[in-house]
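Report on the structure given below.
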Amino acid sequence: PYKFYQFWLNVSDEDAKRYIKIFTLLDRETIDALIAEHDAAPHLRVLQKRLAEEITCMIHSHEEYEKAVEASAILFGGATSEALHRLDEQTLLQVFEGVPQYRVARTELAAGIPFVDLCAEKSDIFASKGECRKLGQGGGVSLNKEKLADAMRPVTDADLIAGKYLLVQRGKKNYYLVIASRSTWRSRPAWATRPPRTASNRRSTTSRSTKSSRSRCALPSARSSAWR
């Protein structure tokens, strides 16, 4: 529902005027009043908001609409930590789609990791611990939508959202997702998963190469006989 809601919320002014007549059950008088209100203050996006509300409620439900609005406020407004923790995993990933992601071992979180170490050693959210401390003291750092002034504050698995995620905010617009996993190893490239070369598979490879060469060598004669 979040992406669905966002689609209608972000349509152009002209499209909103057409869509609200086509896809909603609002009467003409209400639509004309909404268009007039929108034209008076386009920056408020009254028309898009009402369009998104009507269609999201119609296709999903009023409850899902309210969840989508709350999720939008997390990224674009002053949402609380409580609102963030109410998000399900799917909505959380949709809201923060495209933000940098890092992984940390769940076992390390169970023991507790100082926030400054999490951001400057376990990840490169901050270039240095000093930068993390300085910005935190100035009120420019948040963990899960809560201001964090003490860089040594331990981060544990109790802080996880949906049992798996940490949201770090740097400044007003920079977000980072830290994912707690069983392992921090990255998946290996395809060549690293190939079996080691042995005498037997070398022979089979050589045999296949020989057959392939013979086939290629036979092609010209086959073609020449067909051309005669």
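This structure is a prediction, so every number in the text was calculated from the model and none was measured.
Remark: K145 does not engage E82 in a salt bridge, criterion side-chain N to carboxylate O under 4.0 Å. Electrostatic pairing of E54 and R50 counts as a salt bridge here, judged by a charged N lying under 4.0 Å from a carboxylate O. Between E64 and K67, at least one side-chain N (NZ, or NE/NH1/NH2) sits under 4.0 Å from a carboxylate O, which counts as a salt bridge.
Note that the CD1 atom of I179 and the CZ atom of R103 stand 4.5 Å from one another [nearest 0.5 Å]. Note that the OG atom of S142 and the NZ atom of K172 stand 12.0 Å from one another [nearest 0.5 Å]. We find the OG1-CD distance between T56 and Q6 to be 9.5 Å, quoted to the nearest 0.5 Å. For the atom pair CD1 of I59 and CD1 of I55, the computed distance is 7.5 Å after rounding to the nearest 0.5 Å. Distance check, rounded to the nearest 0.5 Å: CD of E89 to CD of Q94 gives 11.0 Å. In this structure, Q169 CD and L148 CG are separated by 12.0 Å, a value rounded to the nearest 0.5 Å.
V69 and L84 fall into different hydrophobic clusters, defined by Ile, Leu, Val, Met, Phe, Trp and Tyr side-chain heavy atoms under 4.5 Å apart, directly or through other members. Both I35 and L44 are part of a single hydrophobic cluster, where members link through side-chain heavy atoms under 4.5 Å apart. Note on V141 and V116: separate hydrophobic clusters, where clusters join Ile, Leu, Val, Met, Phe, Trp and Tyr whose side-chain heavy atoms are under 4.5 Å apart, directly or indirectly. Under a hydrophobic clustering in which Ile, Leu, Val, Met, Phe, Trp and Tyr are joined whenever their side-chain heavy atoms come within less than 4.5 Å, directly or via other members, L87 and Y2 fall into the same cluster. Tracing side-chain contacts under 4.5 Å through hydrophobic residues (I, L, V, M, F, W, Y), one reaches L109 starting from I125; they form part of the same cluster.
Judged purely by atom type and a 3.5 angstrom limit, Q48 uses its side chain to pair as donor or acceptor with the backbone of V11. In terms of modelled atom types and a separation under 3.5 Å, the side chain of D39 and the main chain of A36 share no donor-acceptor contact.
Considering every non-hydrogen atom in both A180 and R106, the closest pair reads O-NH2, 3.7 Å. A pairwise comparison of heavy atoms in R45 and L9 identifies NH2-O, 2.9 Å as the closest pair. Contact between I31 and I20 at its shortest, heavy atoms only, is CD1-O, 3.6 Å. The heavy-atom pair separating Y165 from L93 by the smallest distance is OH-CD1, 3.7 Å. Summarising the geometry of G112 relative to T156, their closest heavy-atom pair is CA-CG2, 3.9 Å, with the distance given to 0.1 Å. Nearest heavy-atom pair, Q90 versus D88, reported as atom, atom and distance to 0.1 Å: N-OD1, 3.1 Å.
Ring planes of F96 and Y175: tilted class, angle from 30 to 60°. Ring planes of Y102 and Y176: tilted class, angle from 30 to 60°. Relative ring orientation between W8 and F4 is described as perpendicular, the plane-to-plane angle rising above 60° on a 0-90° scale split at 30° and 60°.
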Show the numbers, then the answer: is there a side chain to side chain contact (heavy atoms under 4.5 Å, CB included) between L167 and L177? CA-CA 5 Å; L167 179 67; L177 268 184; 4.2 Å; yes
Verdict with reasoning, L160 to L166, per side chain to side chain contact (heavy atoms under 4.5 Å, CB included): CA-CA 5 Å; L160 294 174; L166 297 167; 3.8 Å; yes
Go through it in stages, so that I can follow the logic: the residues are V155 and V178, the test is side chain to side chain contact (heavy atoms under 4.5 Å, CB included), and I'd like the CA-CA distance, side-chain angles, deciding distance and then a yes or no. CA-CA 11 Å; V155 181; V178 180; over 6 Å; no
Going through the checks in order, is the side chain to side chain contact (heavy atoms under 4.5 Å, CB included) test met by L34 and V46? CA-CA 7 Å; L34 284 168; V46 172; 4.1 Å; yes
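Within a 6.0 Å radius of NZ in K122, no more than 12 heavy atoms belonging to other residues, nucleotides or ligands are found.
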